[in-house]
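We count ligands from 1, going down the list as the structure has it; atoms in each ligand are counted the same way.
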Amino acid sequence: MKKVGIVMGSDSDLPIIKKATAVLSELGIPYTVNIYSAHRTPNEAREFSLNARKNGYGAIIAAAGMAAHLAGAIAANTTLPVIGIPCASAFLDGMDALLSTVQMPSGIPVATVAINGGANAALLAAQIIAVEDTVLADKLDNMRVSAAETVLKKDADIMSKL
Ligand code: RP5
């Protein structure tokens, strides 16, 4: 199975990355996690991206906050699908990172999830890998059924809480 490469701009983004790794672990998808910054360690970010396809990755998740250029910088050097997570920081509630991540120029796409959307980033990466993997696709279907059952149970219980 192809790996998911997770990169984050700083270890301060780790709580959001943990939401992604929990989903990938539950689905049995191999992943790596690295701290590469578009600004502080641009050479390492570039090397990772340039070599990602030949190193067995099928999708890359890039999380960054503030002037969040990491997902775009990674996408500039690979045609693997890149999923950007805009991370909220102390100021601007993540709007800065959201706009920096989502507003990519035509030709270099980044699939941007919600601010702090670590779980959806992992699910989207899994869905990309599941295009060629029916066992993984079945796991994703089962996860959806189970999530729906959780909501239906809450619906059945809600009147008793009022
Ligand atoms: C970004 O700047 C990182 O992704 C992080 O979200 C933000 C702040 O980084 P630190 O100053 O906490 O290292 O590059």
Worked verdict on Leu98 versus Met95 for side chain to side chain contact (heavy atoms under 4.5 Å, CB included):
CA-CA 5 Å; Leu98 173 62; Met95 277 302 291; 4.0 Å; yes
Identify, for atom 7 (C) of ligand 1, the protein heavy atom at the shortest distance, and state residue, atom and that distance.
Met66 SD, 3.9 Å
Looking only at protein heavy atoms, which one is nearest to atom 3 (C) of ligand 1, and what is the separation?
Asp13 OD2, 3.4 Å
Using non-hydrogen atoms of the residue, decide whether Arg40 is closer than 4.0 angstrom to ligand 1.
yes
Could you tell me the residue and atom name of the protein heavy atom closest to atom 14 (O) of ligand 1, and the distance to it rounded to 0.1 Å?
Gly65 O, 4.1 Å
What's the shortest heavy-atom distance between Ile83 and Val113, and which atoms?
CG2-CG1, 4.0 Å
What's the shortest heavy-atom distance between Thr41 and Ile35, and which atoms?
OG1-O, 4.5 Å
A student checking ligand 1 against Gly9 at a 4.0 Å heavy-atom cut-off should list atoms 3 (C), 4 (O)
Close-contact set for ligand 1 against Ala64 heavy atoms, below 4.0 Å
4 (O)
Among non-hydrogen protein atoms, atom 13 (O) of ligand 1 lies closest to Ser10 OG, 2.6 Å
Below 30° counts as parallel, above 60° as perpendicular, anything between as tilted: where do the rings of Phe48 and Tyr36 land?
tilted
Between Ser12 and ligand 1, which part of the residue brings a heavy atom under 4.0 Å of the ligand: side chain, backbone, both or neither?
side chain
Pair Lys19-Asn116, side chain to side chain contact (heavy atoms under 4.5 Å, CB included): steps then yes or no:
CA-CA 9 Å; Lys19 295 196 266 181; Asn116 294 352; 3.9 Å; yes
Can you tell whether the side chains of Lys161 and Asp157 come within less than 4.0 Å, N to carboxylate O?
no
